[in-house]
Number of protein chains: 2
Amino acid sequence: MKRGVCMLKYQQIAVEIESYIQKHQMQHGEKLPVLESLIKEFETSKSTIVKALDLLEKKGIIFQVRGSGIFVRRKKRNNYINLLSNQGFQKDLDQFNITSEQLQLEVQKPTEMAAQNLHIDMDQDIYYVKRIRYIEGSTLCLEESFFNKAIVPYLNKEIVTSSIFQYIEDALSLKIGFSDMYMHIGKLTDQEASYLQLKSGEPKLTVESIFYLTNGTPFDYSKVTYNYNQAQFYILGTGI
Amino acid sequence: MKRGVCMLKYQQIAVEIESYIQKHQMQHGEKLPVLESLIKEFETSKSTIVKALDLLEKKGIIFQVRGSGIFVRRKKRNNYINLLSNQGFQKDLDQFNITSEQLQLEVQKPTEMAAQNLHIDMDQDIYYVKRIRYIEGSTLCLEESFFNKAIVPYLNKEIVTSSIFQYIEDALSLKIGFSDMYMHIGKLTDQEASYLQLKSGEPKLTVESIFYLTNGTPFDYSKVTYNYNQAQFYILGTGI
DNA sequence: TTGAAAAATTGTAACGGTACAATTATAATG
DNA sequence: CATTATAATTGTACCGTTACAATTTTTCAA
């Protein structure tokens, strides 16, 4: 495999190990070559391999057992949305047809909640985006996003339709760092129900997320209401 | 502070930095001393400090910005249950009075679902634990757990009432490694509703978890149904 | 005063090495 | 044959160093 341009060595090694696991369809608990072999195989230092393995462990691809070896970790169920992958649904639900309908896209003043979470004043501008996502034609979720306009100065329908996050990283060359997510369960309001083609009072899951740049600045506050029929999530638990 | 007995150096340093942040009530975005200072302060090598900082970053206590510094990360809201801390509610909801009522505790054969998730046959024994947890007197969740009896050979009311996980780590000296969690939203059945003192058909969040030892063996499959009025979760998003 | 260039600061990548602890395999013992 | 001790395997902790890339601060010209 050709070495990616901007890829760091340890990231590249992680990718190669991961695709090796995929290619050979390794099962949960199968053992990978020992550290020493990997060092020779990739012609690198121990610490670089260790870093690559730590990355894979964090992603839930492997687990390491001291004195024993490096083993493949495989989650059992598919078609679940990974709550920790910032990159939306595309990856987890790639076998399904995900579409989205834009309901609103405009510059306006933030709600109090949005201002608070974005650390801005009420008179600063934000981009408000409202859309519905569909999975195989059924409603998946209703999504409201507030982008700090000082950071994301321009959005249009095309950007919103594809991937806003991709645009922010590539075109604006900003780096997305981390996020906080808060979840609640509740009952659908009339309006939410009509958007999601469900009945008022039926269950809903609301996920509020605040996304930060690598330098710690919040740039996106969003609130997603899921259709309870479609929403299945998984979360990877690492150490304690 | 005295150095813990079994604590590794980098873990100990992480703890000390964390309590420094707590003690000085540092706010989100406040800068910590630069790497070089920390190295001198703790009289250790750069790699050990880096490892301590990585741990803190993973826990969401700090974030690091290359070329700039190390900054405090603070989540805004309290009273949310951290979905990633295996150690249950005690830590997140310590200001509240959490109690639990044991409904059932017996050795029996697993359900098909439990057998599958624990990687055991249907004729092997498991410990079945069913309990309700209360927060300030209100129902918080209904919890069914299946422990592989080959790994957890004995449980009694006392252990179940305090912390099963603590018992597994301390008394059985097993090490808990990682977990998989799956979430669904749905409507309460009659039985669930009666346990949770809610109405049938009202919203519920179900979290299925499989807990593994460090060596990758699943030992606990549990299914928790939350009272939608009480269930608030947060999740810490790290990198992409 | 503005803005661009240069310098200083500061965290990250990558190398390589020693010692050690947890696990597993093997040999010795009863 | 089961059990216990011993050895081999294998990942983790920790140290120390060089080079580098992202930020911030300072300098200096326009």
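A, B, ... follow the sequence lines: proteins, then strands. Residue 1 opens every chain. Computed from a predicted structure; not experimentally measured.
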Q: Of the candidate nucleotides D:dT12, C:dA14, C:dT23, which contains the atom at the shortest distance from the side chain of A:S45?
A: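 For the A:S45 side chain, the nearest candidate turns out to be C:dA14.
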Q: Once you round it to whole Å, what is the distance between C1' of D:dT12 and CD1 of A:I49?
A: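 In whole Å, D:dT12 C1' and A:I49 CD1 are 15 Å from each other.
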Q: To the nearest angstrom, how far is A:K51 atom NZ from D:dT12 atom P?
A: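 Value for this atom pair: 16 Å.
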Q: Could you tell me how far apart B:I13 (CD1) and D:dC14 (C1') are, to the nearest whole angstrom?
A: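 Checked: the CD1 to C1' distance equals 10 Å.
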Q: Which nucleotide, D:dC14, C:dA19, D:dA22, lies nearest any side-chain atom of A:K46?
A: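 It is C:dA19.
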Q: Which of these nucleotides, C:dC15, C:dA22, D:dA22, is closest to any side-chain atom of A:K175?
A: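 For the A:K175 side chain, the nearest candidate turns out to be D:dA22.
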Q: Is any side-chain N or O of B:S47 closer than 4.0 Å to OP1 or OP2 of D:dA13?
A: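 Checking B:S47 against D:dA13: no side-chain N or O falls below 4.0 Å of OP1 or OP2.
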Q: So, are A:R73 and B:D180 salt-bridged, with charged N and O less than 4.0 Å apart?
A: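 Between B:D180 and A:R73 there is a salt bridge, with a charged N closer than 4.0 Å to a carboxylate O.
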Q: Going by an N to O cut-off under 4.0 Å, is there a salt bridge joining A:K109 and A:D125?
A: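 Yes, A:K109 and A:D125 are salt-bridged.
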Q: Looking at the side chain of B:Q64, which of C:dT12, D:dC15, C:dA13 is the nearest nucleotide?
A: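 Closest nucleotide to the B:Q64 side chain: C:dT12.
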Q: Look at the side chain of B:I70 and decide which nucleotide, out of C:dC15, D:dC15, C:dG11, has an atom nearest to it.
A: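 The answer is C:dG11.
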Q: So, is B:S68 close to the D:dT24 phosphate, meaning a side-chain N or O under 4.0 Å from OP1 or OP2?
A: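 Looking at the OP1 and OP2 atoms of D:dT24, one of them is under 4.0 Å from a side-chain N or O of B:S68.
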Q: Find which nucleotide of DNA chain C each of B:N215 and B:E57 is nearest to by heavy atoms, and output the residue with the more 5' nucleotide.
A: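 Nearer the 5' end of the strand: B:E57.
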Q: Can you check the B:L55 CG to D:dC14 C1' distance for me, whole Å?
A: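 Interatomic distance, CG of B:L55 to C1' of D:dC14: 15 Å.
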Q: Closest-nucleotide mapping onto DNA chain D: is A:T214 or B:T44 further toward the 5' terminus? I mean the 5' end.
A: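 The 5'-side residue here is B:T44.
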Q: Rounded to whole Å, how long is the line connecting atom CG of A:D54 with atom P of D:dC14?
A: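 In whole Å, D:dC14 P and A:D54 CG are 14 Å from each other.
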Q: What contact category does A:V50 fall into here, base, sugar-phosphate, or nothing, at under 4.0 angstrom with non-hydrogen atoms?
A: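 It contacts nothing in the nucleic acid.
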Q: Can you tell me how far P of D:dG16 sits from CD1 of B:I39, to the nearest Å?
A: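 The distance from CD1 of B:I39 to P of D:dG16 comes to 10 Å, rounded to the nearest Å.
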Q: To the nearest 0.5 Å, how far apart are NZ in B:K75 and CD1 in B:I61?
A: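 One gets 8.5 Å once the value is rounded to the nearest 0.5 Å.
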Q: Relative to the 5' end of DNA chain C, which residue comes earlier, A:G67 or B:V34, by the nucleotide with the nearest heavy atom?
A: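 On the 5' side of the pair lies B:V34.
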Q: In plain terms, say whether B:E18 and B:K59 are close enough for a salt bridge, that is, a side-chain N and a carboxylate O under 4.0 Å apart.
A: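 Counted as a salt bridge, because a side-chain N and a carboxylate O are separated by less than 4.0 Å.
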Q: Whole Å only: how far is the CD atom of B:E36 from the P atom of C:dG11?
A: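 Spelled out: CD on B:E36 to P on C:dG11 is 9 Å.
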Q: Specify the separation, in whole Å, of atom NZ of A:K31 and atom P of C:dT23.
A: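 It is 13 Å, rounded to the nearest whole Å.
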Q: Does B:K175 come within less than 4.0 Å of B:E169, counting only side-chain N to carboxylate O?
A: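 No salt bridge links B:K175 with B:E169.
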Q: I want to verify a distance call: between C:dA14, C:dA22, C:dT23, whose nearest atom is closest to the A:R66 side chain?
A: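 So the nucleotide nearest the side chain must be C:dA22.
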